[in-house]
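Convention: sequence-line order gives letters A, B, ...; per-chain numbering from 1. Values below: every heavy atom of this structure, side chains too, minus hydrogens, waters and symmetry copies.
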Protein chains: 2
Amino acid sequence: MPVDPLNGRREVTVSDVAAAAKVSKATAARVLGGYGAASEAVRDRVQAAADELGYHPNALAKTMTTGRSNSIGIIVGDIENPFFAQATRGAADVAKAAGYDLILLNSDEEADAEQNAISVLLAKRVDGILVAPASTTDPSSLREAVERGRPLVLFDRVADGVDVDTVVADNLAGSRQLTQVLLDAGHRRIAFVSTIAHSSGYRVGDRLGSSSVDDRVRGFVGALADAGIDDPGRFVHLNARRDGVDAIVRRLIDDGITGIVASDSLIGQAAFRKMRSLGIRIPTDVSLVAFDDADWTSLSAPALTVMSQPIHELGAEGARLLIRRIAGDRAPTEHVVLAQRLVERESVAPPPA
Amino acid sequence: MPVDPLNGRREVTVSDVAAAAKVSKATAARVLGGYGAASEAVRDRVQAAADELGYHPNALAKTMTTGRSNSIGIIVGDIENPFFAQATRGAADVAKAAGYDLILLNSDEEADAEQNAISVLLAKRVDGILVAPASTTDPSSLREAVERGRPLVLFDRVADGVDVDTVVADNLAGSRQLTQVLLDAGHRRIAFVSTIAHSSGYRVGDRLGSSSVDDRVRGFVGALADAGIDDPGRFVHLNARRDGVDAIVRRLIDDGITGIVASDSLIGQAAFRKMRSLGIRIPTDVSLVAFDDADWTSLSAPALTVMSQPIHELGAEGARLLIRRIAGDRAPTEHVVLAQRLVERESVAPPPA
DNA sequence: TTGAAAGCGCTAACAT
DNA sequence: ATGTTAGCGCTTTCAA
């Protein structure tokens with residue numbers, strides 16, 4: 001007499017229904033599970049018994065025998081970050097339509113947490129994993145998933161040496177274009193600011209820990225170089241978390257910078273606030289542009305010129321790729337690159353004379 | 001020779017490790033699972049065999065026998081809504097600390113989707129469910145969870161006739177206080193705007209589909225009544241989704257309203273945009289206040305006066321309550337009410353003469 | 001179309 | 001401290 005150890009209740013099982021309907025367990029399972037064949041009479045009888053007893057399937061038991069859980073794991077930096085929230089929704093919708101649920105884990109962009117998350121998901125036998133990898137250059141945290149042959153798809157960032165499907169935004173082109181807006185307005189002293197950690201001062205050619213930031217920096221440097229600006233690398237400011245966006249912005253102003261490219265919406269926000277508190281007028285004194293068309297960028301005064309990301313689609317397409325693999329697709333790995341879109345608003349003007 | 005049906009690989013099991021270490025399955029399980037006792041020698045031998053073979057536990061099999069999945073389900077209106085994203089993060093942190101993962105489902109505030117989500121979670125044998133119920137007045141979608149005795153906790157909204165733990169913000173007091181700001185500035189014609197669906201025109205005493213909005217409306221009406229304003233119910237505007245916030249705002253202006261209380265940040269944002277496009281100055285022409293201290297409210301010009309919600313804590317406390325129940329606590333149901341906090345900024349001024 | 005029996009990987013009694 | 005055995009609820013051969 002099996003009893004739920006959690007609340008002492010007895011759950012109705014296939015066996016119970018079978019007994020009540022006077023058929024074998026196999027037959028009851030077939031009609032309840034909707035597979036195999038059964039005569040109409042039997043089907044009705046079983047269904048009636050199931051309703052009568054209050055049968056509810058145990059998806060775990062099913063997973064034990066079929067090997068499929070109809071769950072996929074998603075690992076994001078921080079679900080509280082609107083970027084990840086949107087991407088997660090995109091993934092959730094696609095997943096749901098295909099009959100999958102999402103197990104959500106936050107990595108806080110830490111490799112250890114990410115690795116641990118993967119272990120947990122694997123132990124729970126998810127059918128596949130969708131992750132925005134914390135590190136592009138050190139993909140060891142993803143190893144277990146790959147080694148154990150679970151479908152894995154990367155979104156927003158790629159990871160070196162990990163041969164799986166990926167979906168990212170075209171940060172290189174987007175960054176070039178965004179930087180160009182400043183260049184076209186006449187700016188020559190433009191800074192790029194990011195929170196990404198980097199051991200030393202940035203030098204052109206350095207590889208950054210996140211492929212998307214890496215691409216953004218390369219686009220920025222490329223645009224400056226094309227504009228004939230000497231040693232563009234010196235305009236790249238990383239480690240903003242450690243050093244503080246406020247301090248960096250203040251230093252930038254002192255250095256006579258006239259334009260700023262914020263590597264993401266959070267940095268843009270911090271820079272915006274700091275300049276306001278410093279009494280620096282945007283765009284009269286300094287022009288500011290940022291990645292991500294976040295809510296606030298169209299509500300602020302001035303509204304910000306931004307490079308809009310296909311965030312929802314990043315998650316949705318990631319889920320699509322993953323589900324395809326789960327279904328058994330053995331095609332060569334695919335690398336989807338989604339376009340970004342420039343939204344010009346009021347935060348750019350020519351540099352002060 | 002068991003084989004993973006998903007990718008044709010053989011997973012290493014406790015039995016394999018036991019055989020390799022020349023101990024019984026039970027012993028191997030004991031050291032691998034970290035329960036029961038084992039001599040140091042055996043422990044080392046088993047561990048070595050496990051490492052050697054590459055053993056990875058199957059959490060599902062464990063759940064089958066223990067009845068505990070170490071997963072909790074969370075059902076939100078829409079994870080893309082920053083409110084739910086924050087609450088989810090709060091819940092995720094508490095859950096993780098206690099060894100639980102989150103299965104995330106969006107209800108889109110629809111009872112059907114909510115009910116379905118609950119069925120799915122129950123089938124997956126989550127240890128408990130955390131939900132922001134789509135409907136306060138029709139809790140039938142929650143029935144299955146209650147009937148089947150799974151721990152259930154409601155957050156942000158309560159549900160009639162469902163005797164489970166709840167955690168909500170003090171919307172009644174918050175709304176009173178927020179409305180009072182407008183009253184104190186001298187406003188007498190103040191509108192409350194919400195997207196919540198309501199069959200007919202609002203009348204004082206009507207029960208709304210969301211307890212939090214219901215409380216906000218009651219707080220608003222109460223404050224107006226206390227200020228001696230006649231028939232406060234006529235200032236309540238619901239169905240903003242159907243009728244359109246834009247249209248409502250326009251009509252309000254025509255009606256000579258001088259102050260608006262936005263029922264949530266999204267409405268506040270829509271109203272803000274509409275007034276800006278109409279050339280209506282905030283707060284010179286119309287004062288605007290809203291619930292939720294969302295990002296944009298401090299970046300906009302003017303910055304908004306808002307009633308800040310303990311969003312993170314709503315999720316965190318919900319998870320705490322739930323985990324307590326999962327642990328077997330049989331105390332009477334608890335109803336936690338968290339304080340809100342007024343943040344005064346620049347969007348309120350006396351009404352125009 | 002239906003049934004019997006084995007098995008998924010693990011834990012929990014119960015013995016020893 | 002260790003082993004034996006049964007069982008969680010389902011699906012899946014294989015036979016009938």
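Separating the CG atom of A/N70 from the P atom of D/dC10 is a distance of 15 Å, rounded to the nearest angstrom. Taking atom NZ of B/K124 as the reference point, atom P of D/dC8 lies 23 Å away to the nearest angstrom. Counting to the nearest Å, the P atom of D/dG9 and the CZ atom of B/R68 are 17 Å from each other. Across the protein-nucleic acid pair, B/E11 atom CD and C/dG7 atom P stand 19 Å apart, rounded to whole Å. Between the C1' atom of D/dG7 and the CG atom of A/D16 lies a distance of 14 Å, rounded to the nearest Å. We find that CZ of A/R125 is positioned 13 Å from P of C/dC8, with the value rounded to whole Å. The distance between atom CG of A/L32 and atom P of D/dG9, rounded to the nearest whole Å, is 14 Å. Protein atom CE of B/M64 is 11 Å distant from nucleotide atom C1' of D/dT11, rounded to whole Å.
Within the nucleic acid shown, B/A38 comes within 4.0 Å of sugar-phosphate atoms alone, with no base atom in reach, counting heavy atoms only.
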Please tabulate, for the side chains in residues 26-42 of chain B, all donor-acceptor contacts under 3.5 angstrom to protein atoms that are two or more places apart in sequence or on a different chain.
from: B/T27; atom 1: OG1; to: B/S24; atom 2: OG; distance (Å): 3.1
from: B/S39; atom 1: OG; to: B/V42; atom 2: N; distance (Å): 3.3

Ignoring hydrogens and angles, write down the donor-acceptor pairs under 3.5 Å from the side chains of residues 100-113 of chain B, residues two or more places apart or on other chains.
from: B/Y100; atom 1: OH; to: B/R68; atom 2: NH2; distance (Å): 2.9
from: B/D101; atom 1: OD2; to: A/K124; atom 2: NZ; distance (Å): 2.7
from: B/S107; atom 1: OG; to: B/V76; atom 2: O; distance (Å): 3.4
from: B/S107; atom 1: OG; to: B/E109; atom 2: N; distance (Å): 3.0
from: B/D108; atom 1: OD1; to: A/R89; atom 2: NH2; distance (Å): 2.3
from: B/D108; atom 1: OD2; to: A/R89; atom 2: NH2; distance (Å): 3.3
from: B/E109; atom 1: OE1; to: B/R157; atom 2: NH2; distance (Å): 2.4
from: B/E109; atom 1: OE2; to: B/R157; atom 2: NH2; distance (Å): 2.9

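Counting only distance, with no hydrogens or angles, the side chain of B/R45 and the backbone of B/A21 share a donor-acceptor pair below 3.5 Å. The backbone N or O of B/E334 sits less than 3.5 Å from a side-chain atom of B/D165, completing a donor-acceptor pair. Under a 3.5 Å cut-off, the side chain of B/T333 and the backbone N or O of B/V164 do not form any donor-acceptor pair.
Checked against side-chain contact (heavy atoms from CB on, under 4.5 Å), A/D329 has the following partners two or more places apart in sequence or in another chain: A/R324, A/R325, A/A331. A search for side-chain contact (heavy atoms from CB on, under 4.5 Å) contacts involving B/P310 returns B/A169, B/E313, B/L338, not counting sequence neighbours. By the salt bridge (Lys or Arg N to Asp or Glu O under 4.0 Å) test, A/E114 is found to be paired with no residue, residues two or more places apart in sequence or in another chain being considered. Residues satisfying the salt bridge (Lys or Arg N to Asp or Glu O under 4.0 Å) test with B/E52, not counting sequence neighbours, are none. Judged as a salt bridge (Lys or Arg N to Asp or Glu O under 4.0 Å), and not counting sequence neighbours, the contacts of A/E144 are A/R148. With sequence neighbours excluded, the residues that form a side-chain contact (heavy atoms from CB on, under 4.5 Å) with B/P139 are B/L142, B/A159, B/V162. In terms of the salt bridge (Lys or Arg N to Asp or Glu O under 4.0 Å) criterion, A/D138 has no residue partners (sequence neighbours excluded).
Note on B/T65: every side-chain N or O is 4.0 Å or more away from OP1 and OP2 of C/dT11. Not one side-chain nitrogen or oxygen of B/T13 sits closer than 4.0 Å to the OP1 or OP2 atom of C/dC8. Contact check, A/S39 against C/dT2: a side-chain N or O comes under 4.0 Å of OP1 or OP2. Regarding contacts with the backbone of C/dG3, a side-chain N or O of A/T27 is found under 4.0 angstrom from either OP1 or OP2.
Projected onto DNA chain C by closest heavy-atom contact, A/R43 and A/K25 fall at different nucleotides, the more 5' of which corresponds to A/R43.
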Report all interatomic pairs (protein N or O, nucleotide N or O of nucleotides 13-16 of chain D) with separations under 3.5 Å.
none

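Where the helix from C/dT1-D/dA16 to C/dT16-D/dA1 starts and where it ends, the local axes point in directions that differ by 30°; five pairs per end, rounded to 10°.
Within residues 49-63 of chain B, no residue has any heavy atom under 4.0 Å from DNA chain D.
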